[in-house]
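Have a look at the structure below before the remarks.
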Amino acid sequence: MKRVTVVGPMSVMDRAVKELYGLKAVHITDHSRGDLELDIGSPLERADRLSELLVTVRAISSALGVSGKKELMNGFRAVGMKNLAGLNKAIKRLNLEVNTILADLKEAEEKLKKLGMKKSQLEFVQKLGLGLDAFFDYRSLACFVGTVKDAQKLRKALLVVTDKFELFSAEEKEKSGFIVALFVESGKKAEAAEVLASAGFAEMPLAEVKGLSNPVSTAIEAANKEKSRLEKRIETDGKALARLSVKWNDFLLLSEQLLAVELEKAEAPLRFAVSKSAFVIRGWVPAGEVETLEVTLNKATGERIFVGAEPPHHSEKVPVKLANPKPAKPFEFFMRLYSLPRYDEIDPTVFTFITFPLFFGFILGDVGYGLVTFFLLFWLKEKFPSASRLVNVLIPAAVSSIIFGFLFGEVFGFEAAFGMEFPRLIGRAHAVNEMMIIAVIIGMVHINLGFVLGFLNELHHKGFFKAFSAKLSWIALELSAALAALSFTGKISLPVYVGGVAAAFFAAMITMAEGFRGPIEIPGLLSNFMSYARLAAVGLSSVILAVVVNDLAKEMAGSGIVGMAGAVITLFVGHTINLALGLLGGFLHSLRLHYVEFFTKFFEGGAIPFRPFGSKTQE
């Protein structure tokens, strides 16, 4: 990666932006006031119009339910337009047509909603057996219309207050209550309201039917006819929008992409430094593309652009573009999830590509589970393309599970079939101690690989002695402790103090390199190693659960047809749950060993991703 500075006159800025967008090679560093003592640039004149059109297109697309994906090629030609003015006219015409239909649809829906309320009120009145002329504003009477739980109790309670009232009621069996209309003298309105409240009264507003003079049945019939008319109107508008969606689907998809591209170009000067007569662009370019950048810009602007390039300083925060072999590419997913390596730091992706599937396979380690996982992942990849990045990581892990399944001689927890044992290298259910030892040895190799990588990382900018003290001293400390232990147990004929003195010396080097933190972390190194015992422990728990499911199914299968059916269900449900737990455990524990135990020995990360100008719209 190289730091670049592009300088040119304002008259060629538009052309320069267009070429930079097409190259998609420059990660632009946003200019801020104070840098170079220059102002921040202003967007091109067409930016406001582009932004307005883009919002309009997205609104139309949302209203029409436009979906799908179209690849934008040939700029304005892709949408059948010569320029922005033509696209503007087409979008405005379409927007007017869509908004006219939407306005009519909204009006019809609001009327239908209001009509529904009116019809409910009419049916309410009809059940009471009253005419519409009974409900108007009286001077001497107060009117209450609604529902109560018990009309007879309400009548008795009202008689305590006054006998000058008229109560009409009808039972409503569906709601276990009564609909009522109460007419009471105005002077007793407050007392009647209290009685109604104690009876659980729920008011029914009659705003939509007050003032009507037609018979209730006639009004309901008219409402039904109006409802049918409005529903047909809504259906017609819906079909009209559906036709527009089909007709303009591709146009809208392509227009949105085109406008997003043009808007990104138009707003690019907001990231530049400008004076009255010139502009300055600063950013980062892959070293191999600097020459192409210079040639392309000068050709487009008539040799009126200056491009300067220089390597980054160690302290600079350089954007990172990961470059890994194709098989390891999917495992960049873990780095983006955790943190990107700095520009001058070793990228752990390749190592993760090797060790993550191994750890996962060591945990799951079953031919049957591995095969099911393998085919399930391919199905998920086809069914849910958005999950392909995670799936591509797990496919090698599933293959590893199958391989380890053969090494352990396990198929869905079975170690034998038809009276024959499966061949195996080691039976983990019968060699628990050995599996634990193997897992810890794997951890020692993995962690010490991290120390070696840490040494290589620090060698470039700290020198050999500091890099050795900070990283390789840990390996030397381990060897010294092992030497002292072998001497103490009599395995080798060497004084114990030799290993002890060596261990103290390297511990001092670690303290010198890492300060007070060093001695604190030394005891933690053993817990780091022991943490890898989870590779065996989690795998063993999966084996035990599979054996329990199998044994239970065997017992059930011996008790007739019902037992056979129960055995099949037990096998299916039990192994499904065990597989789900195995996948979750294999993934999380393998990932944890990388993030917590391995990466902390050499990796700092914190880099920003390389995002060249022109890639935003594609993303």
Completion exercise
On a heavy-atom basis, the closest approach of Leu54 and Glu256 is CD1-O, 3.6 Å
Handout entry: Enclosure of Phe333 CZ (heavy-atom neighbours >12, cutoff 6.0 Å)
Key = yes
Exercise for the section: Please tell me if the side chains of Leu394 and Thr373 come closer than 4.5 Å, counting only heavy atoms from C-beta onward. Expected result: no
Exercise for the section: Please check if the side chain of Ser339 supplies one atom and the backbone of Gly606 the other of a donor-acceptor pair under 3.5 Å. Expected result: yes
Problem - Glu458 and Lys466 ion-paired at < 4.0 Å - result: no
Practice task
Verify the ring-centre separation between Tyr338 and His594: is it less than 6.0 angstrom?
Solution key: no
Completion exercise
d(Arg15 CZ, Leu297 CG) to nearest 0.5 Å is 11.5 Å
Practice task
Working to the nearest 0.5 Å, report the span between CZ of Phe306 and CG of Asn298.
Solution key: 10.5 Å
Exercise for the section: Could you walk me through whether Lys601 and Asn448 pass side-chain hydrogen bond (donor to acceptor under 3.5 Å, both in side chains), step by step? Expected result: CA-CA 8 Å; Lys601 302 301 179 285; Asn448 284 310; over 6 Å; no
Problem - Donor-acceptor contact below 3.5 Å, side chain Ser400 vs main chain Pro396 - result: no
Exercise for the section: Please name the pair of heavy atoms, one in Leu38 and one in Ser275, separated by the smallest distance, quoted to 0.1 Å. Expected result: CD2-CB, 4.0 Å
Problem - Any donor-acceptor pair under 3.5 Å from Ser401 side chain to Gly370 backbone - result: no
Practice task
Assess whether atom CG of Asp48 is packed by more than 12 heavy atoms of other residues, nucleotides or ligands within 6.0 Å.
Solution key: no
Problem - CG-CG distance between Leu453 and Asn457, expressed to the nearest 0.5 angstrom - result: 7.0 Å
Practice task
For Phe353 and Pro327, work out which heavy atoms get closest and say how close.
Solution key: CE1-O, 3.6 Å
Handout entry: Step-by-step side chain to side chain contact (heavy atoms under 4.5 Å, CB included) determination, Phe362 to Arg428
Key = CA-CA 10 Å; Phe362 194 90; Arg428 55 177 173 172; 5.9 Å; no
Handout entry: Side chain to side chain, Pro341 and Leu322, heavy atoms closer than 4.5 Å
Key = yes
Practice task
Answer yes or no: does atom CD of Glu52 have more than 12 heavy-atom neighbours from other residues, nucleotides or ligands under 6.0 Å?
Solution key: no
Practice task
Show your working on side chain to side chain contact (heavy atoms under 4.5 Å, CB included) between Thr56 and Lys92 and close with a plain yes or no.
Solution key: CA-CA 8 Å; Thr56 302; Lys92 284 188 174 180; over 6 Å; no
Problem - Reported CD-to-CG distance for the pair Glu267 and Leu50, which is rounded to 0.5 angstrom - result: 8.5 Å
Practice task
Using a 4.5 Å cut-off on heavy atoms from C-beta on, say whether the side chain of Phe406 contacts that of Val367.
Solution key: yes
Practice task
Evaluate the side-chain hydrogen bond (donor to acceptor under 3.5 Å, both in side chains) criterion for residues Arg592 and Ser531: first the C-alpha distance (whole Å), next the side-chain angles of each, then the deciding distance (0.1 Å), finally the verdict.
Solution key: CA-CA 10 Å; Arg592 182 202 180 280; Ser531 182; 3.2 Å; yes
Problem - Over all atoms of both residues, closest heavy-atom pair of His27 and Pro609 - result: CE1-O, 3.4 Å
Exercise for the section: Test Glu332 against every option in Thr352, Leu340, Thr349 by the side-chain contact (heavy atoms from CB on, under 4.5 Å) rule and name the one that passes. Expected result: Thr349
Problem - Within 6.0 Å of CE in Met10, more than 12 heavy atoms from elsewhere - result: yes
Handout entry: His589 side chain near Leu593 side chain, heavy-atom distance below 4.5 Å
Key = no
Problem - Ser542 versus Tyr369, closest heavy-atom pair with distance - result: OG-CE1, 4.2 Å
Practice task
Can you measure from CG (Leu535) to CE (Met436) and round to the nearest 0.5 angstrom?
Solution key: 10.0 Å
Problem - Contact summary for Pro43 and Ala47, nearest pair of heavy atoms - result: CB-CB, 3.8 Å
Handout entry: Neighbour count above 12 (heavy atom, 6.0 Å) for Glu382 CD
Key = no
Practice task
Under the side chain to side chain contact (heavy atoms under 4.5 Å, CB included) rule, what do Leu94 and Val57 come out as? Steps first, then yes or no, please.
Solution key: CA-CA 9 Å; Leu94 177 59; Val57 166; over 6 Å; no
Handout entry: Worked check of ring pair (Phe, Tyr, Trp, His ring centres under 6.0 Å) between Tyr532 and His446
Key = CA-CA 10 Å; Tyr532 283 79; His446 199 223; 5.7 Å; yes
Practice task
Give a yes or no on whether Arg389 atom CZ has more than 12 heavy-atom contacts from other residues, nucleotides or ligands under 6.0 Å away.
Solution key: no
Exercise for the section: May I ask you to decide if Val12's main-chain N or O and Arg304's side chain share a donor-acceptor pair within less than 3.5 Å? Expected result: no
Practice task
Could you tell me whether a side-chain N or O of Ser62 sits under 3.5 Å from a main-chain N or O of Arg58, the two making a donor and an acceptor?
Solution key: no
Exercise for the section: Could you label the plane-to-plane angle of the Phe464 and Phe455 rings as parallel, tilted or perpendicular, counting under 30° as parallel and over 60° as perpendicular? Expected result: perpendicular
Practice task
Mind telling me whether Phe506 and Phe468 have parallel, tilted or perpendicular rings, with 30° and 60° as the class edges?
Solution key: tilted
Handout entry: Sidechain-backbone polar pair: Ser473 side chain, Ala470 backbone, donor-acceptor under 3.5 Å
Key = no
Handout entry: Exceeds 12 heavy-atom contacts within 6.0 angstrom, atom CD of Glu316
Key = yes
Exercise for the section: On the 0 to 90° scale, with breaks at 30° and 60°, tag the Phe602-Phe599 ring pair as parallel, tilted or perpendicular. Expected result: perpendicular
Practice task
Would you check, one step at a time, whether the test side chain to side chain contact (heavy atoms under 4.5 Å, CB included) holds for Ile363 with Phe404?
Solution key: CA-CA 9 Å; Ile363 291 174; Phe404 274 99; over 6 Å; no
Problem - Test of ring centre spacing under 6.0 Å for Tyr21 and Phe613 - result: yes
Handout entry: Pairwise distance OG(Ser61) to CG(Leu252) - rounded to 0.5 angstrom
Key = 4.0 Å
